[in-house]
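To keep things clear, I will list the structure first and then write my remarks on it.
First the proteins, then the strands, lettered A, B, ... as listed; each starts at 1.
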There are 2 protein chains.
Amino acid sequence: MQTLAFVGLGAMGLPMARNLIRAGFALRGYDARTEALDELRAAGGAACASAGEAAQGTDALVLMVVNADQADTVLFTDGALDALAPGALVLLMSTCPPMAVAAIGARVAERGHRFLDAPVSGGTVGAAAASLSIMVAGAPGDFEAAAPILNAVGEKIFHVGEHFGQGAAVKAVNQLLCGVHLAVAGEALSFARQIGVDPAVALEIVAGSAASSWMLRDRGPRMLQDQPEVTSAVDIFVKDLGIVLAAGSDGKVALPLAAAAHQMFLAVSGQGLGAKDDSQVIRAYEALNLKPGQ
Amino acid sequence: MQTLAFVGLGAMGLPMARNLIRAGFALRGYDARTEALDELRAAGGAACASAGEAAQGTDALVLMVVNADQADTVLFTDGALDALAPGALVLLMSTCPPMAVAAIGARVAERGHRFLDAPVSGGTVGAAAASLSIMVAGAPGDFEAAAPILNAVGEKIFHVGEHFGQGAAVKAVNQLLCGVHLAVAGEALSFARQIGVDPAVALEIVAGSAASSWMLRDRGPRMLQDQPEVTSAVDIFVKDLGIVLAAGSDGKVALPLAAAAHQMFLAVSGQGLGAKDDSQVIRAYEALNLKPGQ
């Protein structure tokens, strides 16, 4: 498994591909954007003209595309699956709804290939540092076979179950918590200001108490800045909480807090701020509770 | 200020009174419950027959009663304020809505006494260990004068502002975050189970990721137990998120996540489980998403 196909060389995919090349894989990559292919070539990878060409005769294909629809298209329409060597291993590492992942995995298996559902968390920082957390579902033997690939891009690697979609499910649970923690940090700091407390003082106190969360400590300070650095965009949570709610809808599970938090990200995106740092979810609360004269 | 009056010897007040006695104060206490007075006497305090008798001639009065109404009654109806020495210091340490605290503080000041708005966090464990966090608002001189009292019961002591109600406001921000973090932990772990993931596996992963919160790590494991130990009751959050929403209502501030979380605690209390551990907020989600045959 020394030759590897990799499709989807975006903000996450490109640094992951670089780490795989560093780990010794001969990597054949594809992305629709020419610049991404140039960067891959500069990193020592082979730039291919299509997903099918990248997959041609390889034993493993990593998908780090934007969503489940793209994964479906790459595999079944653009010919990547047919191009793979018999019994090859497909790793879907994008964040997708669990039922969509289960359906893709089943179709891959029907054609005699192996499949792992392996979404990641840790963002672009974790992708660059090869310190991603990876939530993997699939057959134990396939999980073991994928170890060299997973270890080259991640640090905390969990085998969460054997059924395709269980990795995506854990990722959805993770994003539900991250998204609600982010939104409620905005609700709390905006509330502090509205009821006459310095939000920086309130933040210092709650960040060190039972009221703390990872998101509050990390994003709270940026919520109080006008133009914070962007480490992850508002629109990422529009998408990810959308996936959480799709997973809830597929399973007929009501998620009242996740749904309310999603609305806040949507509202900020609707203000034209979708590309701003996700800490700016606080602006939904500022707009909602705007007082006359403010 | 060696003699101190203390009214409200409940689950928080009694251990706080004990710590004040240990620190060398001659403490005159009152509570409506005879057992509380017996325990105070056993700890070396003077048990009084009324709030007025406890306050008689003392320079400082600590109130750790259930709510703002009780504080109001003790001070203005039961005669505690009139019984104090001239210019005495009143410390209101209960969790109350900021506007109610501001009104009480203004009336205390009108009568020539000094006032500090000083709610605490840290629960009964922090009360027993004298490790409470205390959010104090009032005049800087009064804050300094209260240091021996505050240091005898707390560890992290913040002067958050000069206006009565600002301490209560920071406490409301704190409880908003705690309550929503607790409810969303229940939403996430219940969601995990509903979509086919072992919630214990999901908890292990998210407790170590960017999805983590203090509440998730502390209460998450108890959410997966049938009859967990009670460290703080569901009804405490029914009350405290009620205070958060009252503060929002007083200031005309919409708090969509806090309001949704409050409903979950209310629902569990309505199931007859108000005295159970607050981790059992997860039962609201289990009831909400109950599937046929479960």
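By the 4.5 Å heavy-atom criterion applied to side chains, Val253(A) and Ser190(B) are not counted as neighbours. Counting heavy atoms from C-beta outward, Ser209(A) and Trp214(B) have side chains that stay 4.5 Å or more apart.
Contact count against chain A (heavy-atom pairs under 4.5 Å) is highest for Pro256(B) among Pro256(B), Ala192(B), Ala247(B), Gly161(B). When each of Cys178(B), Ala169(B), Ala202(B), Ala210(B) is scored by its heavy-atom pairs under 4.5 Å with chain A, the top score falls to Ala210(B). Per-residue counts of heavy-atom pairs under 4.5 Å with chain A were compared for Ala188(B), Gly248(B), Ala172(B); the largest is that of Ala188(B). Contact count against chain B (heavy-atom pairs under 4.5 Å) is highest for Ala254(A) among Ala260(A), Ala254(A), Gly251(A). Heavy-atom pairs under 4.5 Å with chain B peak, among Leu255(A), Val180(A), Val206(A), Val197(A), at Leu255(A). Among Val201(B), Val184(B), Val170(B), the residue with the largest count of heavy-atom pairs under 4.5 Å with chain A is Val184(B). Looking only at heavy-atom pairs under 4.5 Å with chain A, the residue among Asp198(B), Asp250(B), Ile195(B), Asp218(B) that has the most is Ile195(B).
Remark: Met215(A) CE to Ser212(B) OG distance equals 11.0 Å, nearest 0.5 Å. The line from CZ of Phe191(B) to CG of Leu257(A) is 13.0 Å long, rounded to the nearest 0.5 Å.
Judged by distance alone, the side chain of Lys156(B) and the main-chain N or O of Ile205(A) form no donor-acceptor pair under 3.5 Å. Between the side chain of Gln166(B) and the backbone N or O of Gly196(A), at least one donor-acceptor pair lies under 3.5 Å. Under the 3.5 Å distance criterion, the side-chain polar atoms of Glu187(B) are matched with a main-chain donor or acceptor of Ala258(A). Distance alone, capped at 3.5 Å, places no donor-acceptor pair between the Lys252(A) side chain and the Asn289(B) backbone.
Using a 4.5 Å cut-off between heavy atoms, Leu288(A) touches chain B through its side chain atoms alone. Using a 4.5 Å cut-off between heavy atoms, Leu216(A) contacts chain B through its side chain alone, with no backbone atom that close. Residue contact with chain B, scored on non-hydrogen atoms closer than 4.5 Å, is absent for Gln263(A). For chain B, the nearby part of Met264(A) is the side chain; its heavy atoms alone come within less than 4.5 Å. For Glu204(B), the part lying near chain A is the side chain, with the backbone staying farther off; criterion is any non-hydrogen pair under 4.5 Å.
Other residues, nucleotides and ligands contribute only 12 or fewer heavy atoms inside 6.0 Å of the CZ atom of Arg193(B).
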